[in-house]
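Keep in mind that what you see is a predicted model, and the values were worked out from it rather than measured.
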Amino acid sequence: MDRSPQLTARRAGTAVYDPARPGRPARPGPPGAVGARSLHLSAARVLHDNWTGASTVPSRDLYPHQWSWDSAFIAIGLRHLSPLRAQVELETLLGAQWGDGRIPHIVFNPSVPLDAYFPSPDFWRSSTAGRAAGAPRTVQTSGIVQPPVHALAAWLVHRADPGLSRARGFLARVHPRLAAWHRYLLHRRDLGGGGLASVVHPWEQGMDNSPCWDAPLSRITPAPARSFRRADLDHGAAEDRPTDLDYGRYVRLATDYRDQGYADGRGSFAVEDPAFNALLIASEHALARIAEELGATGSARHARAERLTAALVDRLWDPAEGMFFCRDVYGGGESGALIPERSVSGLIPLLLPTLSRETATALVRTASGPHFGLGGPARLVPSYDLTGEAFDPHRYWRGPAWFNTNWLLERGLRLHGEHARADALRAALLDTAGGSEFAEYVDPYTGEACGALGFSWTAALTLDLLHEPPGPGLSPVGIDTFNTFGMDDMDGIGGIDGLDGMRDKGGNRA
């Protein structure tokens, strides 16, 4: 039974803020079918407990609103439990899109107290400061963006249940919004003039505290410490979080952007990031598939994705180092300068289907070498160079391993024929997700949990991997349909602790 009317009705109201409803992930059982079943159930419970009625929070305490790229990854996992709920997840996010096409990185829940998260809605002032850029008047958002995973997520969600998607007109409704989002990035954010999108704040790239930002951030005068209060330290250890100095620079950048009416090209921070642009390219391929599903031609978008891939290689590839680097657009010379910091971002272009064999081979070699330890000393690929001076296995994006970046690498390895490495990484991801209680991020060597537990994208991508049997038969990310086994293979897991409400595929419940 399709319960979209009920879900739509729930979206019209205000989702209740309830931080006392923590996720209750259980550790997985022994290896094999029973272990997979237990892990599946635990991951589903995390998503159930983090659902607000219209979207899924990353975690109940540390991140109590809707985050942009989190929701895209969450939808990719939710499609295996409830394609309908996965569609609603993306529709809620896109409902907060600005008139200029940008998808804001946070959509605020008005029932959450202002002091529960900083920067809060009264800092961003989206409906007033963002008026010229077309910020919505009825919902409060941030004014910056996050990586464009959304078209890829929408395509995969559609393929999970094409009949439901067509009946609801899902792709027909999200396509123009996704097209506007890509136009914004390709035109308003080509600040370096080379065809790639730039981020104007470290938070936009998603890897907030990466050492890649240290050089361009050093030019930014930090906001006074007394001008803001960090809510993140209420829930996380200071030694695992960004420093006060870095946070002051983040606040200064965001304040200046807001005070300029969120107009692009006027700030002092602009970086072309390989992961951000690789995800844009993958989503261009996905948007081409969406157009074809709707009866249009996707050839122009596939061609654009190929041109963007060529620009990515031309501007960010370093053949001597065998990886991609960020470019500081304002960092010296007319075209800026590459930032000599090895980040997992520089491996993410392995996702791209038209990457040359030579480039893909070099990326795999780098990932497997001493800097990232794939298949060697590291359990999961770290966010930053294991041998780098700034490496810290616990500090936010300066060394810990994250599940979304490792999921992207697993997809890329499989796409380029590295099935043994992909299978090993998949097994490590599943083992670490369960053993860490679906942690936000982990020590790359030991798998020790860091950050929030019961983290939504960790649970969602665990579900996606559980529904992707290892082996060479998988299709490239965003280009073709994933081969998934049906809910019948997980028969009987839905009726515990209310999880039956998350299944609308096979079980006829939504």
Side-chain angles (χ1 to χ4, degrees), residues 58 62-70 96-98 100-109 112 114-136 139-148 184-185 188-189 191 197-210 212-234 236 241-273 276 326 328-330 396-397:
L62 187 53
Y63 306 104
H65 302 284
Q66 183 179 25
W67 261 258
S68 173
W69 76 325
D70 290 75
Q97 186 173 25
W98 289 29
D100 64 3
R102 80 182 75 194
I103 298 174
H105 97 295
I106 302 175
V107 181
F108 289 106
N109 183 341
V112 175
L114 289 180
D115 62 358
Y117 183 81
F118 178 83
S120 53
D122 58 341
F123 172 88
W124 296 103
R125 306 172 198 164
S126 60
S127 59
T128 54
R131 185 179 296 122
V139 62
Q140 293 297 312
T141 75
S142 65
I144 60 175
V145 303
Q146 277 191 322
Y184 168 78
L185 293 174
R188 303 286 185 93
R189 288 301 189 88
L191 303 180
S198 292
V199 297
V200 299
H201 195 290
W203 291 338
E204 292 198 314
Q205 192 263 2
M207 304 178 192
D208 307 9
N209 196 37
S210 170
C212 296
W213 315 131
D214 290 354
L217 276 178
S218 68
R219 301 192 296 266
I220 308 301
T221 301
R226 65 182 180 277
S227 66
F228 61 92
R229 176 187 173 277
R230 295 182 58 178
D232 63 318
L233 297 182
D234 294 341
R241 305 293 298 174
T243 65
D244 287 341
L245 177 62
D246 284 336
Y247 217 91
R249 287 170 169 150
Y250 303 154
V251 172
R252 172 69 70 185
L253 275 176
T255 301
D256 290 348
Y257 193 41
R258 178 198 67 199
D259 292 347
Q260 293 160 359
Y262 296 110
D264 295 310
R266 298 182 184 177
S268 54
F269 182 100
V271 174
E272 294 172 354
D273 174 75
F276 191 100
C326 294
D328 182 358
V329 172
Y330 303 142
Y396 208 62
W397 290 109

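Classified by interplanar angle (parallel below 30°, tilted 30° to 60°, perpendicular above 60°), the ring pair W67/Y63 is perpendicular. Between H105 and W124, the ring planes are perpendicular. Angles over 60° get that label, and only those under 30° would be called parallel. Between Y262 and W98, the angle of the ring planes goes over 60°, which puts this pair in the perpendicular group of the 30/60° scheme.
Ion pairing between R189 and E204 holds under the 4.0 Å rule for side-chain N and carboxylate O.
Closest of all the heavy-atom pairs between Q97 and P136 is O-CD, 4.1 Å. Taking each heavy atom of L191 and A270 in turn, the nearest pair found is CD1-CB, 3.9 Å. Contact record, G261 with A133: O-CB, 4.4 Å, taken as the closest heavy-atom pair. The two residues G206 and W69 make their nearest non-hydrogen contact at CA-CZ2, 3.6 Å. In this structure, P119 and F108 approach most closely via the heavy-atom pair O-CZ, 3.5 Å. Taking each heavy atom of H65 and N109 in turn, the nearest pair found is ND1-N, 2.9 Å.
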Original post:
Can you list the steps and then say if D246 with D208 is a side chain to side chain contact (heavy atoms under 4.5 Å, CB included)?
Top reply: CA-CA 10 Å; D246 284 336; D208 307 9; over 6 Å; no

**OP:** Under the side chain to side chain contact (heavy atoms under 4.5 Å, CB included) rule, what do V271 and Q205 come out as? Steps first, then yes or no, please.
**Re:** CA-CA 9 Å; V271 174; Q205 192 263 2; over 6 Å; no

Original post:
Are D115 and S120 close enough, and set up right, to give a side chain to side chain contact (heavy atoms under 4.5 Å, CB included), and what steps lead you there?
Top reply: CA-CA 7 Å; D115 62 358; S120 53; over 6 Å; no

Original post:
After noting the C-alpha distance and the side-chain angles of V145 and F276, does the key distance pass the side chain to side chain contact (heavy atoms under 4.5 Å, CB included) rule?
Top reply: CA-CA 11 Å; V145 303; F276 191 100; 4.3 Å; yes

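Within the 4.5 Å cutoff, no side-chain heavy atoms of D264 are placed close to those of S198. Within the 4.5 Å cutoff, side-chain heavy atoms of S268 are placed close to those of I220. No side-chain heavy atom of W213 sits under 4.5 Å from any side-chain heavy atom of W397.
Here Y330 pairs with nothing under the ring-ring contact (aromatic ring centres under 6.0 Å, His included) rule; sequence neighbours left out. Partners of R249 under the side chain to side chain donor-acceptor pair (under 3.5 Å) rule, at least two apart in sequence or in another chain, do not exist in this structure.
For the atom pair I103 CD1 and T141 OG1, the distance stands at 11.5 Å (nearest 0.5 Å). The distance from atom CG of L253 to atom OG1 of T221, rounded to the nearest 0.5 Å, is 10.0 Å.
If you run ring pair (Phe, Tyr, Trp, His ring centres under 6.0 Å) between W203 and each of Y250, F269, Y257, Y396, only Y250 comes through.
Within a 6.0 Å radius of CZ in R131, no more than 12 heavy atoms belonging to other residues, nucleotides or ligands are found.
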